[in-house]
Amino acid sequence: MARRPVAWVVSLVLFAEALGVAALNWFLGVVVDRQNMSLAGLDPDMMSTSSKIGGVVFGLYFALCGLVALLVALRDRAPAGLGRVLLISAAVVHALLGAVTWGLVGWTAFLYMVVVFGLVVLLLMTYDGRPEQPADAAPGVPPGVPPGVPPGVPPGVPPGAAPGGGGAGGGAGGDGSPVTPPAPTTP
């Protein structure tokens, strides 16, 4: 299936984005520092420092999201807890940045943000609702059922025994109903 390749692609894209965001903000901080620019009377050194700190923080954030996607790819299991929250927040960030970049940067940046948003959502959705099974389990067999037990037999019943003590279907009509009806209860 396409679950693991999607997780690998998402991890690579998020790691590349982490480096790109950190490098871009660091570069902008250096430009502000060297040109000694000021915006509405703000301190240029403070603007430079805050740009560099913001670049490092967002770079670490995207790198952490990429690490979660990498762990999903390596383990082939759904992200849980904080990892799932990080990936959902990364999807929200890319959706919001996509909306902003349409007007400020152009349609190519919007397209990139939407593609990354779609990849993160696809990663979250491909693992959603799937019960955790070991890799060697047969397909269609619920976890915890020993091999050789026919479907519909409750756990703990020997493989050759049918529930209810009846024939192959377990009941009088072969529909799985018990041979004897349950005892009536009084109010």
Out of the candidates Val92, Val100, Val93, only one should pair with Leu96 under the side chain to side chain contact (heavy atoms under 4.5 Å, CB included) rule; please name it. Val92
Nearest 0.5 Å, what's the CG-CG distance between Leu14 and Leu86? 10.5 Å
Shortest non-hydrogen contact between Ala91 and Val120, atoms and distance: CB-CG1, 3.8 Å
Is it true that the side chains of Ser89 and Tyr61 contain a donor and an acceptor less than 3.5 Å apart? yes
Report yes or no: do Leu104 and Leu97 belong to one cluster of Ile/Leu/Val/Met/Phe/Trp/Tyr joined by side chain heavy-atom distances under 4.5 Å? no
Under a 4.5 Å cut-off applied to non-hydrogen side-chain atoms, are Phe27 and Lys52 in contact? no
If you measure from CG on Leu67 to CZ on Phe62, what distance do you get to the nearest 0.5 Å? 15.0 Å
Please determine whether the number of non-hydrogen atoms from other residues, nucleotides or ligands lying under 6.0 Å from atom CZ of Phe15 exceeds 12. yes
Do any N or O atoms from the side chain of Ser51 and from the backbone of Asn25 form a donor-acceptor pair under 3.5 angstrom? yes
Hey, does the side chain of Ser50 reach the backbone of Met47 with a donor-acceptor pair shorter than 3.5 angstrom? yes
Of all heavy-atom pairs linking Asp33 and Ser48, the shortest is CB-OG, 3.5 Å
Rounded to the nearest 0.5 Å, what's the gap from CG on Asp43 to OG1 on Thr49? Could you check? 8.0 Å
Ala18 and Ala63: which non-hydrogen atoms are nearest, and at how many Å? CB-N, 3.5 Å
Side-chain heavy atoms nearer than 4.5 Å, only ILVMFWY residues, links allowed to pass through others: does that put Val6 and Val115 together? yes
Examine Val114 and Val105 and state if one hydrophobic cluster contains both, with Ile, Leu, Val, Met, Phe, Trp and Tyr joined whenever side-chain heavy atoms are less than 4.5 Å apart. no
Side-chain donor/acceptor of Arg3 to backbone N/O of Leu123, under 3.5 Å: no
Hey, does the side chain of Thr101 reach the backbone of Gly98 with a donor-acceptor pair shorter than 3.5 angstrom? yes
In the hydrophobic clustering (ILVMFWY, side-chain contacts below 4.5 Å, transitive), which residues join Val30, or is it alone? Trp26, Val56, Leu60
Looking at side-chain heavy atoms only, is the closest gap between Val116 and Glu17 below 4.5 Å? yes
Decide yes or no on side-chain contact (heavy atoms from CB on, under 4.5 Å) for Tyr112 and Val13, but give the supporting numbers first. CA-CA 11 Å; Tyr112 172 77; Val13 167; 3.8 Å; yes
Closest non-hydrogen contact found for Pro44 with Val32 is O-CG1, 3.8 Å
Over all heavy atoms of both residues, which pair between His94 and Met113 is shortest? Give the atoms and the distance, please. CD2-SD, 3.5 Å
Between Pro79 and Leu124, the two heavy atoms sitting closest are CG-CD2, 4.1 Å
Can Phe58 be reached from Leu82 by stepping across I, L, V, M, F, W or Y side chains whose heavy atoms are under 4.5 Å apart? yes
